[in-house]
Amino acid sequence: MFERIDYYAGDPILGLMEKYTADNNPKKVNLGIGIYYDENGVLPVLDCVKTAEERIADPIAPRPYLPMAGLPGHRKGCQELLFGKDAQILKDGLVATIATIGGSGALKVGAEFIHEWFPQSKCYVSDPTWGNHIAIFEGSDVEVGKYPYYDKANSSIKFDEMIAFFETLNKNDVILLHPCCHNPTGLDLTVSNGIPC
């Protein structure tokens with residue numbers, strides 16, 4: 001059954017993390033996966049997470065299947081966090097939110113949605129981007145292109161070029177933005193990186 005399936009070597013970034021873990025050099029520095037570690041290189045459990053988990057567990061109650069789109073209160077909270085509690089687009093019901101299994105899960109759901117309902121659309125990712133972004137969209141038969149993002153010579157964002165490129169896109173084309181922790185450059189669309197508000 002599996003004889004004709006091509007071998008998948010795995011994600012190169014996760015593979016690099018395995019090599020990092022196996023390396024005994026005391027001066028090594030983790031510049032791999034964008035996860036916060038403490039000064040001892042340990043992934044901490046934040047106090048707010050501990051408090052939230054204690055509240056969830058007390059009292060212990062049944063945990064049935066969630067609604068298909070996720071918990072309504074969680075979805076509403078995400079919308080208010082992103083757009084502001086009194087945002088007009090929320091009042092007008094113009095924002096749809098669903099819960100997914102992590103970022104890659106969200107991208108796969110989005111890619112399948114685009115393929116099904118907007119098959120003529122093309123998805124544009126930053127240049128460079130995390131390789132899995134391209135694989136997820138192409139795996140859903142969505143054509144992928146790149147938009148200008150990283151200026152290697154100046155270690156900055158090509159903001160003006162990026163906006164000019166966006167203005168050339170077709171009506172139903174999709175832009176994949178990294179709201180934070182841009183992978184792999186680490187340069188986010190923030191005022192501190194010279195991006196006008």
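The basis for the numbers below is simple: all heavy atoms, side chains too, and nothing from hydrogens, waters or symmetry mates.
- The ring of F159 has its center no closer than 6.0 angstrom to the ring center of Y149.
- Tested against Y124 for a side-chain contact (heavy atoms from CB on, under 4.5 Å), the candidates L177, V144, D173 yield a single pass: D173.
- When side chains are defined from C-beta on, Y147 does not count as touching D127, because their heavy atoms never get closer than 4.5 Å.
- Hydrophobic cluster membership is shared by L176 and V174, with clusters built from Ile, Leu, Val, Met, Phe, Trp and Tyr side chains linked at under 4.5 angstrom.
- Aromatic ring orientation, W130 versus H133: perpendicular (interplanar angle above 60°, classes split at 30° and 60°).
- In this structure D151 satisfies the side chain to side chain contact (heavy atoms under 4.5 Å, CB included) test together with A153, N154, S156, K158, sequence neighbours excluded.
- Scanning for side chain to side chain contact (heavy atoms under 4.5 Å, CB included) contacts around D188 gives C180, H182, T190, N193, with sequence neighbours left out.
- You'll find the side chain of F83 reaches within 4.5 Å of the side chain of I89, heavy atoms only.
- Comment: K76 engages E80 in a salt bridge, judged by a side-chain N to carboxylate O separation of less than 4.0 angstrom.
- For the residue pair S140/K108, the side-chain donor-acceptor check at 3.5 Å is satisfied.
- Electrostatic pairing of K122 and E143 counts as a salt bridge here, judged by a charged N lying under 4.0 Å from a carboxylate O.
- Residues satisfying the ring-ring contact (aromatic ring centres under 6.0 Å, His included) test with H115, not counting sequence neighbours, are none.
- Contact record, R75 with G70: NH1-O, 2.9 Å, taken as the closest heavy-atom pair.
- A side-chain donor-acceptor contact under 3.5 Å links T129 and H178.
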